[in-house]
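To start, the structure under review is shown below, and the notes come after it.
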Amino acid sequence: MPLLLRLLPALLVLLSALCLVAPAHAREVVVGIYDMEPLSMRGADGRVQGIVVDVMDAVARDEGWTVRYVYDDWDRLMPMLEDGRIDVLAPIAFSETRTAYRYNRDYLVIDWGQIWVRRNIRVDMLFDLQDKLVGGVSMSIFPAGFEAFARRFGVQYRQRDYPDYSALLDALNRGEVDAAVIPRFIGTHHERRGTAEPASIVFSPFEMRYAAMRGRADDVMDALDRRLAAYKADKDSAYHRSLNRWIRIDAPVLPAWLPYALGAAAVLLLALAGVNKALRGQVRRQTEQLRAANADLAVSRDQIRTLLAYQQQAAEDIRRRISREVHDELGQNLTALKFGLHRLGRVVPEGDGPSHERLLSMTRLTEDTIEAVRRISRELRPGHLDDIGLLAASQWLVQDFSANTGIAVHFDGPGQGGDPGHGDGPTPVDGPGQGDASGQAAGAGVGRERQAPDGRDPLGPMDPDRAVAVYRVLQEALTNVARHAGARHIRVMLRREGGCLRLVVADDGHGFDVHGERPGGTGYLGIVNMRERVAAFGGEFHIDSGAGGTTVRVSVPLEQPDAQGGGTCGS
């Protein structure tokens, strides 16, 4: 016993040393995921995969964690997150109304809701779903977004819930429901399944993120914020590799000869600039008497430009008023007429074939007229600029253009890619999602395609006239591509840089002679119109075109020009 007491201090010292050198256990993060291709899913080998898994695995490697995934249904994962059996749940649609959750700062992707129907079932517009049976996934946020969207237009429909999207698509193919609310990424992955196909009704964009309960797993969420921001900034990171693997965002490759051609063009331009400078010196010495006349011409030009700006503003005001009257009065009257014809058809005797045929013809004519009224109203005045801001309205315009023309368009907004005119990687307009049960674009409304969580336009505050001018330039540039360029791809960049708003539209069409004349000697009036819209705000407008395509670059100061008429930014 005395010997044991004498050895006890030595044993304690040895035990302490062993504890100090023993390896620390790695932090285990438990992540709940469910079936939502391509963000999260099971592969053929039974292992979990997708963008959510790729990014989380990369963060775990960098942080020295281990990750254990719990794969289950959405409605069983939510209680697990709330009672602490899992640390993180993903993907989950961001919503400011969910105050119990902490979301990571940067979204993974953005997804849209879309209406799907069986093939050969005609659903051209929202009003075609009046009194129809529409299916949705019970725990998804998208049915709530569509309900708010339909309520705005007074469309009433019946709703049926399903546990998951596989069951919903099967029900749609069997004819149990007339239409289904499906996130666009889910629909894209199941597009060849059965006879279901997407209709033209798109609504409610949602940002898909990771989420934890507030006050729990803060170390995990802090690491996700830090690592995901770094991954997005690095084009070779695991995040971008995962996007290209699962969504296949393939950036076009510039021709190998283009840098040499640009270099030669730059040398040639410098040489021409030198020659031009010498010639201008000779002309200046020989034409001193014309200075006064030139000053008068400059004043006249400024007056004409001011008049043009006033006329454009007056035209926008007229378009706004006519658009409102056409949409509110003529549109509503035509809609009432359509429903009246529908009710009238119910009272026509069953055997009166000619009357039924005439009513059907009148109904079709009314539907075509309603669609024409809406199109004319949208083209007269982009009213959604006032509702959802310039960035979201521009994304909507690009998406609508791509859907109508079949030309692929990639959109680059704040916090993404580079200059489209230099071949960097703007992201596509579309983006993924599902995964929850409330709200809209960050809560429950419609048309907030890329807004900040507080509802403001990420491009920042700007006066409405500047927003309309930039929107019209984008609209004109896209129209010119569709009419003349023969392009297959377009890349659009719209960003704020300091006090400057920059827009770049680049296509891979056959190009044209920027300084040439159209038949009849009229010139390119669309280019003149764009240039004058930008000049009215002291901005810069440049257009480059050649065999490899055309690039339009616009820079507009977000504040008034200085006393000399110069803007706060250049091109």
>> Between Tyr165 and Pro183, is there a side-chain heavy-atom distance shorter than 4.5 Å?
In response: yes
Using modelled atom types only, decide if a donor and an acceptor are shared between the side chain of [X] and the backbone of [Y] within a distance under 3.5 Å.
{"X": "His510", "Y": "Ala547", "answer": "no"}
{"X": "Asn173", "Y": "Ala196", "answer": "yes"}
{"X": "Ser200", "Y": "Asp124", "answer": "yes"}
{"X": "Asn480", "Y": "Ala477", "answer": "no"}
{"X": "Tyr239", "Y": "Ala229", "answer": "no"}
{"X": "Ser40", "Y": "Asp35", "answer": "no"}
{"X": "Thr369", "Y": "Leu365", "answer": "yes"}
{"X": "Asp178", "Y": "Leu133", "answer": "yes"}

>> I'd like to know if Glu147 and Arg151 make a salt bridge, using a cut-off of under 4.0 Å between side-chain N and carboxylate O.
In response: yes
>> Can you tell me how the ring of Phe146 sits relative to the ring of Tyr157, calling it parallel under 30°, perpendicular over 60° and tilted otherwise?
In response: tilted
>> Can you see whether Phe541 has Arg531 sitting over its ring - NZ or CZ less than 6.0 Å from the centre and within 45° of the normal?
In response: no
>> Applying the side-chain hydrogen bond (donor to acceptor under 3.5 Å, both in side chains) criterion to Ser545, which one of Thr551, Asp507, Asp513, Thr550 satisfies it?
In response: Thr550
> Which of these passes side-chain hydrogen bond (donor to acceptor under 3.5 Å, both in side chains) with Ser555: His542, Arg502, Glu497?
Replying inline: Arg502
>> Looking at Met362, I'd like to know if its CE atom is crowded, meaning that more than 12 non-hydrogen atoms belonging to other residues, nucleotides or ligands lie closer than 6.0 Å.
In response: no
> How about Arg488: does its CZ atom have over 12 heavy atoms from other parts shown lying under 6.0 Å from it?
Replying inline: no
> Given Asp54 and Arg241, is the salt bridge (charged side-chain N to carboxylate O under 4.0 Å, His left out) satisfied, shown in steps?
Replying inline: CA-CA 9 Å; Asp54 291 344; Arg241 290 198 303 271; over 6 Å; no
